[in-house]
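Because only heavy atoms are used, hydrogens play no part in the values below, and waters and symmetry mates are left out as well, while side chains stay in. Computed from a predicted structure; not experimentally measured. So that the names make sense, note that chain A is the first sequence line, chain B the second, and so on, each numbered from 1.
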Protein chains: 2
Amino acid sequence: MQLITVDDITDARERLAGIAVRTPLLSVPENSRNRLWIKPENLQPVGAFKIRGALNAIGKLPEPVRQRGVVAWSSGNHAQAVAYVAREFGIPATIVVPDSTPRIKIESTRALGGTVVEVPMAERESRAYQLVSELGATPIPPFDHPDVIAGQGTVGLEIAEQLPDVDVVLIPVSGGGLASGIGTAVRARCPRARIYGVEPELAADAAASLRAGELIRWAPEDRARTIADGLRAEPSELTFAHLRSVLDGMLTVTEEEIRAALKLLIERTRTIVEPSGAVAAAACLFHGAELPTGQTVAVASGGNIDSGLLREILD
Amino acid sequence: MQLITVDDITDARERLAGIAVRTPLLSVPENSRNRLWIKPENLQPVGAFKIRGALNAIGKLPEPVRQRGVVAWSSGNHAQAVAYVAREFGIPATIVVPDSTPRIKIESTRALGGTVVEVPMAERESRAYQLVSELGATPIPPFDHPDVIAGQGTVGLEIAEQLPDVDVVLIPVSGGGLASGIGTAVRARCPRARIYGVEPELAADAAASLRAGELIRWAPEDRARTIADGLRAEPSELTFAHLRSVLDGMLTVTEEEIRAALKLLIERTRTIVEPSGAVAAAACLFHGAELPTGQTVAVASGGNIDSGLLREILD
């Protein structure tokens with residue numbers, strides 16, 4: 001299987017300029033064993049790293065193809081990112097969502113100019129491909145595409161520039177696009193650094209797959225148990241091949257550790273983080289003994305948290 | 001009176017590397033007339049731009065002088081910044097605070113390694129100078145010093161690099177150090193840009209002074225009425241001379257406008273802003289008709305908000 005290279009990522013970077021934010025590293029000095037830095041991707045437009053992959057994938061399309069529009073299926077941060085980028089390019093975006101999606105997410109996708117199509121959960125992907133063929137539009141998958149992976153990898157280029165002597169990089173894993181991209185960049189630019197994926201214990205299918213050396217499938221209802229609602233997807237063949245190649249290992253964190261890290265991150269970074277965005281920091285804070293010591297970067301993947309949960313965390 | 005120059009600010013910048021954050025510009029796209037960008041200084045260590053001035057002022061001291069330590073008098077963000085920077089240099093910091101200071105602020109200053117001395121409000125400055133002379137330490141004033149002003153000015157250098165065609169820069173004014181520094185940098189690097197200070201209507205002494213052409217004093221109890229607790233100081237002769245030289249004008253905002261801007265900033269930037277940090281954005285959002293149109297940067301000066309107020313704002 002063809003893996004992306006750091007050249008694909010440096011190439012992606014040019015497509016991000018002026019729209020994606022070059023997020024800083026924020027020091028969270030209270031951890032004693034390692035020096036912990038947060039890469040706050042919650043500061044991106046739409047509040048998540050997903051803007052990077054969407055910008056690269058849509059930006060790379062030949063102009064006549066791009067003009068026919070794009071289709072995504074997701075109810076989360078990827079959908080918002082595709083709608084946002086399509087608006088920047090002035091092209092149509094159609095987002096297929098399960099009919100159980102909260103109104104607020106549908107409204108915010110519409111506010112970005114996306115056309116929302118609600119379908120029963122089971123028909124989501126088939127309806128998306130039907131729209132692709134009807135509209136002549138291009139599907140933009142959330143992680144299973146080399147251009148999306150290369151876009152997410154720009155996070156890793158930035159880490160390598162901002163902290164060249166980084167020792168440990170911790171990345172949340174769901175579909176695996178973010179960890180595949182960052183891992184590829186950091187492996188190339190900081191070969192001494194150790195790179196770990198992090199999952200909730202309750203959605204640890206990628207950790208199980210890496211141990212087994214082949215993709216292990218967990219039932220969606222099992223993966224749905226974690227509070228980290230952005231980490232309920234599972235790797236594809238493409239991302240799994242990247243994860244095997246670039247990760248030094250996987251760590252898993254409990255729900256309690258995710259909640260504690262979430263509270264600490266919000267207080268110390270003064271940014272609003274979502275549960276999925278806190279798992280990498282939770283690994284540093286609560287599983288330091290399983291990690292090498294040194295300068296540690298934890299990627300905070302997003303900040304779209306339910307307002308009720310946010311108030312509960314702040315109490 | 002000798003004003004600082006952009007060379008003082010480029011010189012200051014080298015002292016900030018690795019400790020102060022090069023904060024990104026965050027787009028807040030919902031404003032129709034102007035394109036609004038936020039410069040989120042709430043992402044700095046200690047949650048405010050004050051780290052920049054403290055780093056420059058303490059970093060510039062000759063080594064034997066610095067080793068004898070520093071003294072600051074403040075109960076707010078400047079005190080935290082001086083304690084933080086002193087710890088980075090491994091030197092003692094003594095912070096003189098009024099005996100009415102909330103325990104939580106005293107505890108957080110102590111957690112940074114600062115020695116806290118509580119005195120009656122009226123004796124604050126005299127006790128600070130007594131300590132300076134007893135300890136042989138150096139006083140680090142919150143704004144009335146060229147090295148502090150030059151440090152704060154590094155915000156302006158970053159804005160000029162990040163958005164070279166910026167049209168309007170909006171900066172909160174309290175003692176005036178931040179606006180003096182940023183104004184000097186932006187005037188030199190983006191001579192076409194218009195630069196405005198912003199104050200709460202309830203603490204608009206600097207606006208009154210600029211209109212009168214001389215320092216107008218408001219009673220402390222009047223300045224204390226605004227929710228923007230970081231904007232209750234008044235300019236010194238030094239900062240007033242800078243403000244007269246670099247500002248195109250001043251705007252004032254109401255308490256209701258500050259609250260509305262605060263809520264919008266927290267929701268849209270996904271960062272935690274304090275009331276003082278929202279006044280510049282409030283000027284853009286509610287006083288656009290008094291401003292030139294175009295690419296507008298509003299400086300969010302800090303993020304140390306009372307947790308009760310934050311929960312109220314999020315409700």
Side-chain angles (χ1 to χ4, degrees), chain A residues 17-30 35 37-48 51 77 84 87-88 108 111-113 158 161-165 263 265-274 277 295 300 302-315, chain B residues 17-30 35 37-48 51 77 84 87-88 108 111-113 158 161-165 263 265-274 277 295 300 302-315:
Chain A
I19 301 176
V21 174
R22 184 179 195 271
T23 52
L25 290 182
L26 304 180
S27 177
V28 176
E30 312 309 312
R35 175 139 194 187
W37 300 87
I38 303 298
K39 181 75 172 162
E41 287 294 299
N42 47 336
L43 300 182
Q44 294 294 351
V46 314
I51 195 86
N77 292 333
Y84 188 97
R87 189 180 62 174
E88 289 285 330
S108 56
L112 290 168
E158 293 172 9
E161 288 169 5
Q162 292 166 327
L163 195 66
D165 57 346
K263 184 174 172 66
L265 278 194
I266 292 173
E267 289 173 355
R268 300 279 165 78
T269 67
R270 297 176 186 83
T271 72
I272 295 171
V273 181
E274 64 185 65
Q295 304 250 38
N304 292 314
I305 186 173
D306 173 75
S307 60
L309 176 59
L310 176 59
R311 281 197 300 273
E312 184 191 319
I313 292 284
L314 291 171
D315 265 347
Chain B
I19 301 176
V21 174
R22 185 180 194 270
T23 53
L25 290 181
L26 304 180
S27 177
V28 176
E30 313 308 312
R35 175 138 195 191
W37 299 87
I38 302 298
K39 181 76 170 162
E41 287 294 300
N42 48 336
L43 300 182
Q44 294 295 350
V46 313
I51 195 86
N77 291 332
Y84 188 97
R87 189 180 61 175
E88 289 285 330
S108 56
L112 290 167
E158 292 173 9
E161 287 169 5
Q162 291 166 327
L163 194 68
D165 58 344
K263 185 175 171 65
L265 278 193
I266 292 173
E267 289 173 356
R268 300 280 165 77
T269 67
R270 297 177 186 82
T271 71
I272 295 171
V273 181
E274 65 186 64
Q295 304 248 40
N304 292 314
I305 187 173
D306 173 77
S307 61
L309 177 59
L310 177 59
R311 282 197 299 272
E312 185 192 318
I313 292 283
L314 291 172
D315 265 347

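Side-chain atoms of B:I272 and A:I272, non-hydrogen and from C-beta on, do get closer than 4.5 Å to each other. By the 4.5 Å heavy-atom criterion applied to side chains, A:I305 and B:R270 are not counted as neighbours.
Contact detail for B:L26 and A:L43: the closest heavy-atom pair is CD2-O, 3.6 Å. Summarising the geometry of B:R311 relative to A:L314, their closest heavy-atom pair is NH1-O, 3.4 Å, with the distance given to 0.1 Å. Annotation for B:L25 and A:V21: closest pair O-CG2, 4.1 Å, computed over non-hydrogen atoms.
Of the two parts of B:Q44, only the backbone, made up of N, CA, C and O, holds a non-hydrogen atom closer than 4.5 Å to a non-hydrogen atom of chain A. Heavy-atom distances place no part of A:Q162 under 4.5 Å from chain B, backbone and side chain included. In this structure, chain B has a heavy atom under 4.5 Å from the backbone of A:T269, while its side chain stays farther away.
Considering only heavy-atom pairs separated by less than 4.5 Å from chain B, the leading option among A:N304, A:I266, A:V273 is A:N304.
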